[in-house]
Amino acid sequence: MAPTFPPIYLLKWNLEHDPKELHRLEEEIDVVFDIKEAKLVLGKVKLKRRAALELRKLGLDTEEVVTTESEPDTDTDHNHHEEQIASQIVPSAPGNPPAQRLAISPRSTLRPSDETIKVLDLAWYTGSLNAGKLLPIEDYLVYEGRIKSKILPVKPKQTLLPAQVEPRRQISTVSPTQRHFRTGPRKFGGNSVHSSSQPARLLHKTTSEDEAYAALPPIPKYLHSPYSCQRPTPLHCPNEDFLSELRIIKQARNLKGDEVGVRAYSVAVAAIASYPYSLTSALELSRLPGCGSKISKLWQDWKTLGHVEEADEARSDPDLQVLDLFWKIHGVGEASARDFFSKGWRSLDDIVEQGWDRISRDQQIGVKYYDEFLQRIPREEVEKIASVILDYANHIRDGFRMVICGGYRRGKPDSGDVDVVLSHPNENATHRFLVELLESLERDEYITHRLIVSMKNSDRGQNPLNWKGSMPRSRGGFDSLDHAFLVWQEPTWPSKDEDLKGNPDARNPNVHRRVDIIISPWKTAGCAVLGWSGGTMFERDLRHYCKQQLGFKFDSTGVRRQDNGEWVDLEKGDGDLLVKERRVFSGLGLEWRDPTERCTD
DNA sequence: AGGCAGCGCAC
DNA sequence: GTGCGC
DNA sequence: GCCT
């Protein structure tokens with residue numbers, strides 16, 4: 001006789017890429033869909049940390065219960081939730097084997113703080129089925145957590161079923177003559193709990209639409225995620241020509257002030273950029289996250305007509321060309337570009353002649369070095385600049401570590417600016433350091449302008465305690481990082497001495513470059529590196545993922561809880577900056593992505 | 001039918 | 001508060 | 001514009 005199971009909540013994690021199996025299990029096990037009704041949580045999880053993360057996603061903030069004897073109840077935290085997951089597993093129906101003492105430690109006092117939630121390996125379920133009775137849970141217990149607090153509403157969203165993609169209206173599907181094959185075997189997660197009792201059923205009646213779907217190359221599993229931070233997005237992809245069109249439309253929308261459009265096109269670009277096959281049909285495209293009917297229509301036009309109308313219009317619109325020219329001035333965004341345009345200005349000369357005093361200092365610098373800032377920086381020069389910075393840093397205080405981030409780290413052959421993150425294992429070394437570094441670089445004439453210097457972290461001039469009001473969230477730590485955005489120019493050139501002899505005001509011919517220097521406290525340096533390395537969408541989605549899925553707030557200064565702002569340390573332990581960055585990935589429940597796989601733009 | 005990242009700076 | 005860059 |  002099959003045993004009767006207590007109410008079970010099934011974690012979708014690691015099952016979500018196999019929706020059929022997930023559905024089978026959900027039906028076979030009589031799962032509850034609200035974790036609060038469950039006595040037990042099952043999942044294909046092996047790691048405590050992962051289990052805790054998954055619970056957090058569901059709105060349960062837990063701390064591990066060490067399964068030795070009952071911990072001393074020093075727990076004064078009072079989380080008075082009346083109904084909660086009981087500490088004991090009480091089968092919900094009669095007829096279960098009486099001998100199963102499922103609770104680990106006998107607890108007579110049912111104080112709320114004793115409430116724990118247990119996460120078991122799915123194998124417990126299959127094993128129990130096979131045995132015809134409920135097995136002891138000890139061998140299968142992955143994680144036992146005491147509920148610290150219920151988090152606000154953290155949505156259990158993201159179901160990720162490819163089959164739920166709604167069939168689009170007939171877009172004459174170019175028959176996929178060219179079949180694609182995945183590069184590797186499908187991974188179901190090896191140890192999957194195959195089918196003991198229930199034979200696989202047909203989930204769908206086969207309509208022609210379904211057949212069209214079935215004929216498509218399978219979507220790589222990572223593309224089931226709507227978060228680009230969960231996908232490898234290489235610098236180059238098979239659909240770059242189409243992407244170029246989308247990027248043109250996106251920029252046109254940007255110049256027109258259509259923020260939402262920009263967002264939508266950015267999402268679509270990021271998804272297509274991570275798709276490893278050459279697209280063969282609009283239907284195929286419409287399966288990707290962020291790619292709906294509009295994007296599919298654009299692809300169809302592009303494929304059949306050879307061009308995309310909106311992109312053509314953008315290219316040939318002279319007003320847009322002017323807006324774009326202005327927009328490329330450092331310090332000029334979409335709003336200022338249109339503002340300039342509305343003043344009747346049509347060229348950089350117009351700005352200089354008619355508006356020089358009315359534009360900001362940043363914009364003046366942007367105009368002055370317009371051509372130079374648009375020149376790409378070869379990797380070699382990026383490295384040169386970075387090594388100067390590191391040398392100067394170490395000259396002030398030895399032991400600095402540096403990672404060159406930005407496009408360089410993503411593998412681009414050249415960059416628009418230079419981003420370096422510096423840190424030092426000694427916490428004190430980074431404090432108040434940026435000013436010193438800037439002064440020494442200025443002394444040797446590397447820096448021609450400071451665009452911004454932000455020092456929330458360190459002492460800002462006279463007022464050492466000025467920022468303390470904003471510190472309660474980061475206990476015993478720094479709240480932020482120091483950041484300088486500079487105009488950089490190599491001070492020497494081959495014929496310098498000669499030139500100066502002839503003319504004391506001889507011009508330095510080296511190109512002016514924009515350089516970001518970030519000084520991060522060691523304990524959050526992994527976050528800084530991560531936060532400064534990804535493409536725009538990667539970084540956006542990272543923040544979004546943290547908020548939606550984990551209830552965390554991520555930025556380059558660290559990870560904090562959303563509800564109370566408490567700092568979450570994901571970087572504990574030895575290791576260099578890159579190790580710390582990896583810890584952040586795993587602490588956030590994310591698969592490692594090499595920087596070269598964060599090219600979402 | 002609401003949300004879309006979220007921060008610090010200049011102005 | 002808005003605009004900007006990241 | 002797409003998602004939930």
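Every chain is numbered from 1 and lettered A, B, ... according to where its sequence line falls, protein lines coming before strand lines.
Between K547(A) and dC4(B), a side-chain N or O to OP1/OP2 separation shorter than 4.0 Å is present. OP1 or OP2 of dC9(B) sits under 4.0 Å from a side-chain N or O of S454(A). Contact annotation: K553(A) does not reach the phosphate of dA5(B) (side-chain N/O to OP1 or OP2, under 4.0 Å). Look at R263(A) and you'll find a side-chain N or O under 4.0 angstrom from OP1 or OP2 of dA5(B).
When each of L451(A) and D541(A) is assigned the nucleotide of DNA chain B bearing its nearest heavy atom, the one mapping closer to the 5' terminus is D541(A).
The distance between atom CG of D516(A) and atom C1' of dG5(C), rounded to the nearest whole Å, is 9 Å. The distance from atom OH of Y265(A) to atom P of dC2(D) is 7 Å, rounded to the nearest whole Å. If you measure from atom CG of L542(A) to atom P of dA5(B), you get 12 Å, rounded to the nearest angstrom. Whole-Å rounding puts the R560(A) CZ to dG6(B) C1' distance at 12 Å. Distance, I329(A) CD1 to dG3(C) C1': 14 Å, rounded to whole Å. In this structure, CG of D258(A) is placed 18 Å from P of dG3(B), rounded to the nearest angstrom. Atom CD in Q363(A) sits roughly 19 Å away from atom P in dC9(B) (whole-Å rounding). Rounded to whole Å, atom P of dG6(B) lies 11 Å from atom CZ of R540(A).
Residue-level contact check: V267(A) touches neither bases nor backbone, having no heavy atom under 4.0 Å from any strand. Among the heavy atoms of the strands, none lies under 4.0 Å from I359(A). Residue-level contact check: F485(A) touches the backbone only, with heavy atoms under 4.0 Å from sugar-phosphate atoms and none from bases. If you check every strand for non-hydrogen atoms under 4.0 Å, D417(A) touches sugar and phosphate atoms only. G261(A) comes within 4.0 angstrom of nothing in the nucleic acid, heavy atoms only.
With distances taken from any side-chain atom of H330(A) to the nucleotides dG5(C), dG1(D), dG6(B), the minimum falls on dG5(C). Proximity note for H544(A) (side chain, C-beta onward) versus dG1(D), dC4(B), dC11(B): the nearest is dC4(B). Taking every side-chain heavy atom of W532(A) into account, dC6(C) is the closest of dC6(C), dG1(D), dC2(D). Of the listed nucleotides (dG6(B), dC11(B), dA10(B)), dC11(B) has the atom at the smallest distance from the side chain of R361(A). With dG1(D), dG3(C), dA10(B) as the candidates, the nucleotide lying closest to the side chain of A335(A) is dG3(C). In the set dC2(D), dC11(B), dA5(B), dC2(D) carries the atom at the smallest distance from any side-chain atom of S293(A). Residue S336(A) places its side chain closer to dG3(C) than to any other of dG3(C), dC4(B), dG1(D).
Nucleotides dG1(D) and dC7(B) place their P atoms 29 Å apart, quoted to the nearest Å. Only the P atoms considered, dC4(B) is 23 Å distant from dC6(C), to the nearest whole Å.
Between F585(A) and F538(A), the two ring planes are tilted [angle within 30° to 60°]. Taking the six-membered ring for Trp and thresholds of 30 and 60 degrees, Y275(A) and Y277(A) have ring planes more than 60 degrees apart, a perpendicular arrangement. Taking the six-membered ring where the residue is Trp, H424(A) and F400(A) present perpendicular rings, their angle passing 60° and hence far from 30°. Ring geometry for H544(A) against Y227(A) counts as perpendicular: the plane angle is over 60°, on a 0 to 90° scale with 30° as the lower cut. Taking the six-membered ring where tryptophan is involved, the planes of F242(A) and W302(A) are tilted, since the angle between them lies from 30° to 60°.
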**Q.** Step-by-step ring pair (Phe, Tyr, Trp, His ring centres under 6.0 Å) determination, H330(A) to Y369(A)
**A.** CA-CA 9 Å; H330(A) 172 88; Y369(A) 301 115; over 10 Å; no
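When side chains are defined from C-beta on, W299(A) counts as touching L279(A), because their heavy atoms get closer than 4.5 Å.
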